[in-house]
Number of protein chains: 2
Amino acid sequence: MTRDTVLTERQIEVLKLKAQGLSTSEIAKRLGTTVANVSATEKKARENIRRAKNTLRLVKMLEAPLSVVIPPETDLNDAVREIYRRADEAGIWISHSFPSLAALIQQGAGEKIRGRRVLEEIEVAITREGEVMVM
Amino acid sequence: MTRDTVLTERQIEVLKLKAQGLSTSEIAKRLGTTVANVSATEKKARENIRRAKNTLRLVKMLEAPLSVVIPPETDLNDAVREIYRRADEAGIWISHSFPSLAALIQQGAGEKIRGRRVLEEIEVAITREGEVMVM
DNA sequence: ATCGTATTAAATTAAAACATTTAAGACATG
DNA sequence: CATGTCTTAAATGTTTTAATTTAATACGAT
């Protein structure tokens with residue numbers, strides 16, 4: 001059978017009942033199986049969802065026509081300016097304001113940025129639609 | 001081996017080379033296999049990507065306690081008002097101002113909205129946290 | 001301490017997906 | 001019509017994944 005998601009019927013069923021507020025043991029009773037089984041199935045389902053998210057992220061990066069590398073020691077403001085400049089050069093209109101783009105990069109870079117200073121090299125992908133992603 | 005996407009190494013490799021503009025036969029040469037193989041692998045990869053998308057859509061729907069359907073021909077302002085009304089009805093506080101919600105919907109709906117008019121039916125999911133998503 | 005609830009690891013069996021080859025056919029170009 | 005490029009279906013051997021059971025652990029409430 002060809003599924004149209006990366007989840008199995010069983011996994012979807014468990015997620016549905018969880019979303020409705022049922023406890024793991026209630027779900028186990030209803031599905032006629034053990035609590036351990038439900039717990040394991042839900043864990044697998046969440047793992048699959050995580051992988052689905054990572055997949056779409058990867059695809060966006062692959063499709064990104066523009067990649068901007070921010071070297072260490074760069075100031076965050078300069079990084080944002082550089083991203084605007086390179087996008088402009090490529091004819092892409094970035095769909096974020098300066099401050100929200102700065103926040104997005106700061107959040108996406110995690111440990112690679114402290115305060116306003118870039119510590120490790122950051123690669124930023126820019127899609128055709130002007131969406132910005134930190135890789 | 002635990003992958004962190006729903007794509008295999010092989011599928012990612014093919015997508016990468018395709019994104020770089022290589023033809024199917026060029027990729028086949030580079031990977032030391034047949035054109036048919038590359039073609040089939042790419043097809044499988046795209047199928048997996050489609051399923052990843054459907055998965056996230058399903059999860060959002062499962063998590064959303066409220067779903068609002070906006071019929072065609074609706075004015076964007078009326079759509080936003082309807083969303084506020086339904087959320088209020090469900091005791092959910094929407095964490096967007098009127099204009100930013102309108103912008104969010106317009107952006108999320110893509111081709112389904114032209115100007116301020118809804119062309120195709122739009123389904124909007126509202127999370128417990130008042131986040132609004134166009135599906 | 002004993003429930004009730006939940007998570008986790010390990011092992012097992014069955015089902016599904018993967019990459020590949022072969023063969024067939026579509027389609028545009030020379 | 002021959003050629004290059006690509007897609008598709010079918011068959012196959014291999015690898016992965018799913019669901020389940022059992023057993024162990026954790027933890028708050030009674």
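Side-chain atoms are counted along with the backbone in the values below, which use heavy atoms only and exclude waters and symmetry mates. Letters A, B, ... mirror the listed sequences (proteins, then strands); counts begin at 1.
Remark: A:Thr33 is in phosphate contact with D:dT21, judged by side-chain N or O atoms under 4.0 Å from OP1 or OP2. Look at B:Asn48 and you'll find a side-chain N or O under 4.0 angstrom from OP1 or OP2 of C:dC18. For the OP1/OP2 pair of C:dA6 and a distance below 4.0 Å, the side-chain nitrogens and oxygens of A:Ser23 include at least one atom meeting the criterion. The phosphate of C:dA17 (OP1 or OP2) has no side-chain N or O of B:Gln11 nearer than 4.0 angstrom. Taking side-chain N and O atoms only, A:Lys43 has a distance below 4.0 Å to OP1 or OP2 of C:dA9. Side-chain nitrogen and oxygen atoms of A:Arg10 include none within less than 4.0 Å of the OP1 or OP2 phosphate oxygen of C:dA16. Between A:Thr24 and C:dT7 there is a side-chain polar atom (N or O) within less than 4.0 angstrom of OP1 or OP2. Residue B:Arg3 places at least one side-chain N or O under 4.0 Å from the OP1 or OP2 atom of D:dT17. The side chain of B:Thr8 contributes an N or O atom lying less than 4.0 Å from OP1 or OP2 of C:dA19. Between A:Thr34 and D:dT20 there is no side-chain N or O to OP1 or OP2 distance below 4.0 Å.
The CZ atom of B:Arg51 sits 13 Å away from the P atom of D:dT17 (whole-angstrom rounding). Between B:Glu9 atom CD and C:dT20 atom P there is a gap of 13 Å when expressed in whole angstrom units. A straight line from CZ of A:Arg46 to C1' of D:dA18 spans 17 Å, rounded to a whole angstrom. In this structure, the NZ atom of A:Lys44 is 10 Å from the C1' atom of D:dA19, given to the nearest Å. At whole-Å resolution of the value, CG in B:Asn37 and C1' in D:dC6 are 13 Å apart. Atom CG of B:Leu31 is separated from atom C1' of C:dT20 by 13 Å (rounded to the nearest Å). Per the geometry, NZ belonging to B:Lys29 stands 9 Å off P belonging to D:dC6, to the nearest Å. Per the geometry, CD belonging to A:Glu13 stands 17 Å off P belonging to D:dA18, to the nearest Å.
Put simply, CE on A:Met133 and CG on A:Leu58 are 10.0 Å apart, with the number rounded to the nearest 0.5 Å. Taking CD from B:Glu123 and CE from B:Met61, the interatomic distance works out to 6.5 Å, rounded to the nearest 0.5 Å.
The backbone N or O of A:Gly130 sits less than 3.5 Å from a side-chain atom of A:Ser95, completing a donor-acceptor pair.
When every heavy atom of B:Thr74 is checked against every heavy atom of B:Ala79, the shortest pair comes out as CG2-N, 3.8 Å.
Using a 4.5 Å heavy-atom cutoff, the side chains of A:Val6 and A:Arg51 are not in contact.
Two residues, A:Ala36 and B:Ser25, neighbour DNA chain D, and the one matched to the more 5' nucleotide by heavy-atom proximity is B:Ser25.
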